[in-house]
Amino acid sequence: MFPFFNNNKEQMELDEKNIPKHIAIIMDGNGRWASKRALPKKAGHKAGAQALEKISQAAIDLGVQHLTVYAFSTENWKRSEEEIKGIMDLLREYLKNYIERAKNDNVRVHIIGNILPLDKDIQQQIIELERLTNEKTGMNLHIALNYGGRDELLRAIGKLSQAVAEGRYAPEEIGEKELEQYLDTANIPDPELLIRTSGEQRISNFLLWQIAYSELCFVEKLWPDFTENDLKQAIYHYQNRERRFGGRK
Ligand code: FPP
């Protein structure tokens, strides 16, 4: 039983057998949340990190197998040095916390994106956390860091071209499967549902290949205000949409 309340405050229920296996989230609106309160941007990102904790637990409770969240994009480097430092410091804290909890948690943490431009100590925390949680059997939490869909595709195409140059594939053998194995999301099912908070209706270079058939759910609330009930409402919308994958009912 997964009860929740709709916008009219009526109690509703989710279909437990139709929970998306993979949910992707663009956690947008931290900056506006802070501005509304005359707080520095970092306070918004901190509240965003707390919301991520809550929503990860809610996803676990619902039986979601993969949760992918956009924490830092390849374009976010354009922000002020101060804001970038604020996000990186929060990330250090978040990863440290996760490493400490790894023994007791059953979440497998996996980073997507190119981590090489991140500070060395953060790269080490990532490697450590992925190692500590690699055998976990609970939810997979994929955190996108220095991630861009185009960058991911270019990196994958580079590796695939190398494989062709070495004679491991003939060009005509390359299909979706061959490309997918070089994506950061290799062996992860595509998200059935993509949620973006803060009212913006854009994809912003997130999971460009993987969301070809995802249901898109744009939510007005700013990310730090997003709750477990909001997650359930988004899943309810998903459950009540007809997915045809280009075919007919
Ligand atoms: C978008 O809000 C959010 C980000 C660019 C960063 C997301 C970061 C977090 C949720 C916290 C840190 C993450 C971890 C894993 C510790 P925005 O700043 O673009 O909001 P705005 O559009 O209102 O300015």
Side-chain angles (χ1 to χ4, degrees), residues 19-28 52 55-56 59-60 62-76 91 94-95 98 106-118 122-123 125-164 168-169 173-197 202-217 223 231 234-235 238 243 245-246:
I19 301 293
K21 288 188 179 57
H22 185 172
I23 298 179
I25 307 185
I26 302 177
M27 308 180 288
D28 195 12
L52 174 56
I55 296 304
S56 302
I60 293 168
L62 288 165
V64 172
Q65 293 173 15
H66 298 270
L67 178 69
T68 303
V69 294
Y70 209 3
F72 195 83
S73 77
T74 46
E75 287 70 37
N76 284 151
L91 183 60
Y94 182 90
L95 292 169
Y98 245 98
N106 197 22
V107 175
R108 184 170 162 265
V109 183
H110 170 234
I111 306 301
I112 62 169
N114 176 11
I115 66 166
L116 296 177
L118 302 178
I122 295 184
Q123 291 186 45
Q125 281 183 306
I126 290 170
I127 291 166
E128 171 77 348
L129 182 55
E130 287 188 334
R131 187 184 64 78
L132 285 172
T133 62
N134 193 32
E135 308 283 308
K136 302 286 182 181
T137 53
M139 188 179 77
N140 295 275
L141 174 62
H142 310 281
I143 307 174
L145 288 175
N146 189 32
Y147 175 88
R150 289 184 175 182
D151 178 67
E152 178 192 34
L153 280 164
L154 284 174
R155 286 186 283 110
I157 291 165
K159 288 176 205 155
L160 197 50
S161 308
Q162 185 66 33
V164 172
R168 283 185 274 140
Y169 294 108
E173 284 173 340
I174 294 167
E176 294 185 6
K177 291 247 159 351
E178 286 68 30
L179 177 67
E180 278 170 356
Q181 66 173 330
Y182 290 107
L183 293 175
D184 298 345
T185 54
N187 304 316
I188 302 170
D190 287 342
E192 294 97 324
L193 173 63
L194 170 75
I195 300 168
R196 181 175 189 145
T197 56
R202 284 191 296 276
I203 299 304
S204 300
N205 204 10
F206 194 39
L207 303 175
L208 295 180
W209 174 276
Q210 297 86 343
I211 59 164
Y213 287 101
S214 304
E215 293 297 334
L216 308 181
C217 184
W223 172 249
L231 178 68
I235 295 174
Y238 159 81
R243 302 186 82 207
F245 301 96

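- Distance CD1/Ile122 to CG/Leu91: 5.0 Å, rounded to 0.5 Å.
- By the side-chain hydrogen bond (donor to acceptor under 3.5 Å, both in side chains) test, His142 is found to be paired with His66, His110, residues two or more places apart in sequence or in another chain being considered.
- In this structure, CD1 on Ile127 lies 11.5 Å from CG on Leu95, to the nearest 0.5 angstrom.
- Residue Lys21 qualifies as open at atom NZ: its count of foreign heavy atoms under 6.0 Å is 12 or below.
- In this structure, CD in Gln210 is found 8.5 Å from CD1 in Ile188, a value given to the nearest 0.5 Å.
- How far CZ of Phe206 is from OG1 of Thr68: 6.0 Å, rounded to the nearest 0.5 Å.
- Checking side-chain atoms of Asn76 against main-chain N and O of Ser73 turns up a donor-acceptor pair under 3.5 Å.
- For the pair Asn205 (side chain) and Gly149 (backbone), a donor-acceptor distance under 3.5 Å is present.
- Here the closest non-hydrogen pair linking Arg168 and Tyr182 is NH1-OH, 3.7 Å.
- No donor-acceptor pair closer than 3.5 Å links the side chain of Glu192 to the backbone N or O of Glu215.
- Side-chain contact between Ile25 and Leu52 is absent, with no heavy atoms from C-beta onward closer than 4.5 Å.
- In this view, Asp28 and Arg32, Arg196, Ser198 satisfy the side-chain hydrogen bond (donor to acceptor under 3.5 Å, both in side chains) rule, not counting sequence neighbours.
- A distance-only check finds a donor-acceptor pair linking the side chain of Glu130 to the backbone of Ile111 [under 3.5 Å].
- Here the side chains of Ile195 and Leu231 are in contact, with some heavy-atom distance below 4.5 Å.
- Smallest separation of non-hydrogen atoms from Tyr70 and Met27: O-CE, 3.3 Å.
- The heavy-atom pair separating Pro189 from His22 by the smallest distance is O-ND1, 2.6 Å.
- Not a single donor-acceptor pair under 3.5 Å links the side chain of Tyr98 to the backbone N or O of Val109.
- Annotation for Pro20 and Ile235: closest pair CD-CG2, 3.7 Å, computed over non-hydrogen atoms.
- By the 6.0 Å contact criterion, CG on Asn187 is open, its count of non-hydrogen atoms from other residues, nucleotides or ligands being 12 or less.
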Evaluation steps, side-chain hydrogen bond (donor to acceptor under 3.5 Å, both in side chains), between Asp190 and Ser214: CA-CA 8 Å; Asp190 287 342; Ser214 304; over 6 Å; no

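- Annotation for Glu135: atom CD does not count as buried by contact number, only 12 or fewer foreign heavy atoms lying within 6.0 Å.
- With rounding to the nearest 0.5 Å, the separation of CZ in Arg108 from OG1 in Thr133 is 7.0 Å.
- The 12-atom threshold is not exceeded at CZ of Arg150, counting heavy atoms of other residues, nucleotides or ligands nearer than 6.0 Å.
- A heavy-atom distance below 4.5 Å is not found between the side chains of Tyr238 and Ile23.
- When all heavy atoms of Tyr94 and Ile143 are compared, the pair lying nearest together is CE2-CD1, 3.8 Å.
- A donor-acceptor contact closer than 3.5 angstrom is absent between the side chains of Glu176 and Trp209.
- For Gln65, there are no side-chain hydrogen bond (donor to acceptor under 3.5 Å, both in side chains) partners at least two apart in sequence or on another chain.
- Using a 4.5 Å heavy-atom threshold, the side chains of Ile115 and Asn146 count as separate.
- At least one donor-acceptor pair closer than 3.5 Å links the side chain of Asp184 to the backbone N or O of Gly113.
- Counting all heavy atoms, side chain and backbone alike, Ile211 lies closest to Leu194 at CD1-CD2, 4.3 Å.
- Surrounding OH of Tyr213 are at most 12 heavy atoms belonging to other residues, nucleotides or ligands under 6.0 Å away.
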Step-by-step side chain to side chain contact (heavy atoms under 4.5 Å, CB included) determination, Leu145 to Ile126: CA-CA 10 Å; Leu145 288 175; Ile126 290 170; 3.9 Å; yes

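- Between Arg155 and Glu152, no side-chain nitrogen of the basic residue sits less than 4.0 Å from a carboxylate oxygen of the acidic one, so the salt-bridge criterion is not met.
- Here the CZ-CG distance, from Arg202 to Leu216, works out to 14.0 Å after rounding to the nearest 0.5 Å.
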